[in-house]
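Residue numbers start from 1 in every chain, and the chains themselves are labelled A, B, ... in the order their sequence lines are given, proteins ahead of strands.
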Number of protein chains: 2
Amino acid sequence: MKQTKIRNMEEFAAVSGISRPTVSKYFHDPDSVRASTRERIERALERYDYRPNIFAMNQNRKLTKNVGIVVPYLADPFFAEIARSIEQRCILAGYRPSLFSAHGQPSLENDILDGLRSLKPAGVLFAPLGRASDRAVIEKFCRDVPTVIFDSLLPDVGLALVGSDSAQFARLIVDYLSRTGEPPCFFEMKTPVNPNAYRRRQGYIDAMARLGEEPRIVQVAGEGWEFEEIGRREGIRALDEGRFATNTVLCSNDRLAIGFLAGCYERKLRVGHGPECQIRVAGQDDHPFSRFTCPPLTTIAQDYDAISSRAVDILFRAIEGAERTRETLLFEGRLVMRDSA
Amino acid sequence: MKQTKIRNMEEFAAVSGISRPTVSKYFHDPDSVRASTRERIERALERYDYRPNIFAMNQNRKLTKNVGIVVPYLADPFFAEIARSIEQRCILAGYRPSLFSAHGQPSLENDILDGLRSLKPAGVLFAPLGRASDRAVIEKFCRDVPTVIFDSLLPDVGLALVGSDSAQFARLIVDYLSRTGEPPCFFEMKTPVNPNAYRRRQGYIDAMARLGEEPRIVQVAGEGWEFEEIGRREGIRALDEGRFATNTVLCSNDRLAIGFLAGCYERKLRVGHGPECQIRVAGQDDHPFSRFTCPPLTTIAQDYDAISSRAVDILFRAIEGAERTRETLLFEGRLVMRDSA
DNA sequence: ATAAATTATTTACGCGCGGCAAGTTTGAAC
DNA sequence: GTTCAAACTTGCCGCGCGTAAATAATTTAT
């Protein structure tokens, strides 16, 4: 690397022997210049440590390479994982992802969308808070910025909806639980933050109906995103009140199940499918921690990879011009049998 | 809000009846203009939906309002939580935080620091990967950009080091465990990713020495950031090989302990301090999930709030001009007694 | 070889704002 | 009413790059 400091594209163009507009074109898309030109630029790039000023670049570009990733709650390892996956894919595709978390707060979600606007993003991958989200704000945002919605599937917004097939999840786990023991009760929050929760409840009801079983839903109080604590505290309460009609509990999601397991432990209930066990517990999501609970949690694994890869794919296709009508993509889950049920 | 679209600061200055340079000054710091002027601008701000072009702003500003937050592994809820806390504080202070995770990969960490440069950040709050970090890269970065290091305290870099007092952590938990039962063995990875781990080991050795006890360190194999899996798998192996000389195990951190608890469960060991229990397990960190393990994990709570608030504080003081020598701030932990020990 | 198509270069301008310097107004203290 | 510093205005340049149009060079096709 030479000592001479390159201050701007002008100087870099000079040392590479190419005109500035062509160099600019190269940085926009390296394949848009002749191979010989590209080689000369890249040779200069190796000798001099130059990179375009990103602020000057984005100032006039019609379409930036910025991509926003917005999740509702980053302290949930599920979202951390999917955000990581999406982030990597964006980088591979040559974009600049920026990660944001609403931290469970609707007002923060609005602020994020608002701030995202000034980044002039080429597109956004957005998992909304859900029920608490400000529909009007999101609708307006999606009208202005190409947005793929994932996880929390708000109807009628964005380029596409990418998530999991709640009905299939429910069939899979309800069938399994019923086949191997008593049919499950469904444990959930009365007013869940996530619209998926409603689909999961309905999925449970339908799956039970298919088996000719009466649905047994146990709804508990609790607000916010501290699912584990709600699962533990309200799970204990429900256990004490004898609200579970069978010895099998299907939790609306893994975090609730993790809390519920802690509650079972506190009440000295043996959890699992062994002969000496008193209760079976299952979750949904395959949360990163669910294999380390005691006992390890039987659950339905979301297809992280498929969701992130398709969401990113759809966004970039849309950005690169392919007009398309709004589509909804639902991926199937996989039964992960562990010891809890 | 009026219909007239404001295209730039010039036009906004016109409708607010203030000159553009003064408006510019206002956006840089609202308190730097006269109260009456500020009021006129803010009235216009309510009527017209204008905000400065962030790219044009940052292009020429000597000091941007950008702040980088870099953590080693965002899928760890500990880092997600502390990142959240830091992020909020930055926003409150009027800065624009950008969050990055190295996802456990040193090359990605380097890329992040590299990319951060082009954001011209006013400052960076940085929790390095630790042992795997590229010292030379980090040193160079810290020379160019005001950086406060937290969590993973790499010596001799950055404006300041903010973290936890490992020696005090060890004294607290070792004293407690020894007072209430057998003195603890220390369970850790042989080649931990985090330099804190070395300090924790040393803290354990010193704390044992103070009590006149021989240190009993159980080191296990395992690379990377999947601590829970390492704790489970290698914990089982160590148990099977009878490597724990006492019935009490202090894990280097909570994630390892969470995995170790899963291993104990698999080996049907009763964990806790009750009379019928066979083994006691403790961790360090007060990981968000540690109160939902079975049994709930006894641990030492890191002072998240103090760490994030002081780190941010130091950074902003430094940015705003107060020259200071490098300082190291270590916060004490708090013993969190739960059922596991 | 020549014509036609593609790709580079030159030239010129604009983006939206920061920042400076010189002059003007404001408002509080005397 | 005067004084005077602080706050404001006017005018202008620069930042680093995008982009467009016209021209020139190169490649490909005929």
Side-chain angles (χ1 to χ4, degrees), chain A residues 4-45 48-66 94 96 117-122, chain B residues 4-45 48-66 94 96 115 117-122 319:
Chain A
T4 342
K5 294 285 172 212
I6 304 292
R7 316 172 63 88
N8 53 37
M9 198 180 277
E10 192 84 49
E11 289 187 19
F12 178 74
V15 300
S16 63
I18 303 285
S19 74
R20 189 182 65 76
T22 303
V23 171
S24 168
K25 214 170 156 219
Y26 165 84
F27 279 112
H28 188 74
D29 176 9
D31 286 321
S32 67
V33 302
R34 203 167 21 218
S36 63
T37 309
R38 175 172 177 172
E39 210 170 315
R40 289 170 70 188
I41 293 176
E42 286 174 349
R43 258 208 303 278
L45 223 40
Y48 301 90
D49 171 37
Y50 166 76
R51 62 194 57 191
N53 180 309
I54 138 179
F55 299 112
M57 274 181 61
N58 288 328
Q59 178 166 19
N60 299 318
R61 245 219 259 278
K62 304 219 180 306
L63 214 55
T64 70
K65 288 279 188 180
N66 299 331
R96 284 181 64 80
R117 275 202 158 78
S118 45
L119 276 183
K120 293 200 270 181
Chain B
T4 339
K5 293 286 172 208
I6 303 291
R7 316 173 63 90
N8 53 37
M9 197 180 279
E10 192 85 47
E11 289 187 16
F12 177 74
V15 301
S16 63
I18 304 285
S19 74
R20 192 183 62 77
T22 303
V23 171
S24 169
K25 216 173 154 213
Y26 165 84
F27 279 112
H28 187 75
D29 176 7
D31 286 321
S32 67
V33 301
R34 202 161 27 212
S36 62
T37 308
R38 175 171 177 174
E39 210 170 317
R40 288 172 71 186
I41 293 176
E42 287 175 347
R43 257 207 304 277
L45 224 38
Y48 301 89
D49 172 37
Y50 166 77
R51 63 195 56 191
N53 179 309
I54 148 175
F55 300 113
M57 271 182 62
N58 288 327
Q59 179 167 19
N60 301 317
R61 246 220 261 275
K62 304 226 178 307
L63 214 54
T64 69
K65 286 281 188 178
N66 300 331
R96 284 186 123 268
R117 275 201 160 79
S118 45
L119 276 183
K120 295 200 271 180
I319 290 174

Original post:
For the side chain of A:Asn53, counting heavy atoms from C-beta on, which of D:dC17, C:dT10, C:dG16 is nearest?
Top reply: D:dC17
Original post:
Which part of the nucleic acid, if any, lies within contact of B:Tyr50, taking any heavy atom under 4.0 Å across all strands shown: a base, the sugar-phosphate backbone alone, or nothing?
Top reply: sugar-phosphate
**OP:** By nearest nucleotide on DNA chain D, pick out whichever of B:Gly17 and B:Asn60 is the more 5' one.
**Re:** B:Gly17
Original post:
Can any side-chain N or O of A:Thr64 pair as donor or acceptor with the backbone N or O of A:Lys120 at less than 3.5 Å?
Top reply: yes
**OP:** Look at B:Ser24 and C:dC17 and indicate whether a side-chain polar atom (N or O) is within less than 4.0 Å of OP1 or OP2.
**Re:** no
**OP:** Please report, rounded to the nearest Å, how far the C1' atom of C:dT7 is from the CZ atom of A:Arg40.
**Re:** 13 Å
Original post:
Side chains of B:Glu42 and B:Tyr26: is there a donor and an acceptor less than 3.5 Å apart?
Top reply: yes
Original post:
How is B:Thr22 classified with respect to the nucleic acid when contacts are heavy atoms under 4.0 Å: base, sugar-phosphate, or nothing?
Top reply: base
Original post:
Rounded to whole angstroms, how far apart are CZ on B:Arg34 and C1' on C:dT24?
Top reply: 12 Å
**OP:** Could you grab the distance from atom OG of B:Ser36 to atom CD1 of B:Ile18, nearest 0.5 Å is fine?
**Re:** 7.5 Å
Original post:
D:dT10 phosphate, OP1 or OP2: any side-chain N/O from B:Ser19 under 4.0 angstrom?
Top reply: no
Original post:
Atom CD of A:Glu10 and atom P of C:dA12: how far apart are they, to the nearest Å?
Top reply: 13 Å
Original post:
D:dT9, D:dG18, D:dG14: which one has an atom nearest the side-chain heavy atoms of B:Ile18?
Top reply: D:dT9
Original post:
When all nucleic acid strands are considered with a 4.0 Å heavy-atom cut-off, which category describes A:Pro21: base, sugar-phosphate, or nothing?
Top reply: base
Original post:
In whole angstrom, what separates B:Asn58's CG from C:dC17's C1'?
Top reply: 10 Å
Original post:
Atom CE of B:Met9 to atom C1' of D:dT9: distance rounded to whole Å?
Top reply: 16 Å
Subject >> Residue A:Gln59, side-chain atoms from C-beta onward, closest of D:dG18, C:dC15, C:dC17 >> reply: C:dC15
Original post:
Donor-acceptor pair, A:Lys65 side chain versus A:Gly94 backbone, under 3.5 Å?
Top reply: no
Subject >> Separation of atom CD1 in B:Ile6 from atom C1' in C:dG16, rounded to whole Å >> reply: 14 Å
Subject >> Interatomic distance, A:Ile41 CD1 vs C:dT7 C1' [rounded to whole Å] >> reply: 12 Å
**OP:** State which of D:dG16, D:dG18, D:dG14 makes the closest approach to the side chain of A:Met57.
**Re:** D:dG18
Original post:
Between D:dC17, D:dA7, D:dG14, which nucleotide has the shortest distance from any of its atoms to the side chain of B:Thr37?
Top reply: D:dA7
Subject >> B:Asn8 CG to C:dG14 P, straight-line distance once rounded to whole Å >> reply: 14 Å
Original post:
When you measure from the side chain of A:Asn58 to the backbone N and O of B:Phe55, does any donor-acceptor pair fall under 3.5 Å?
Top reply: no
**OP:** Could you say whether A:Val23 or A:Arg20 is positioned toward the 5' end of DNA chain C, judged by the nucleotide with the nearest heavy atom to each?
**Re:** A:Val23
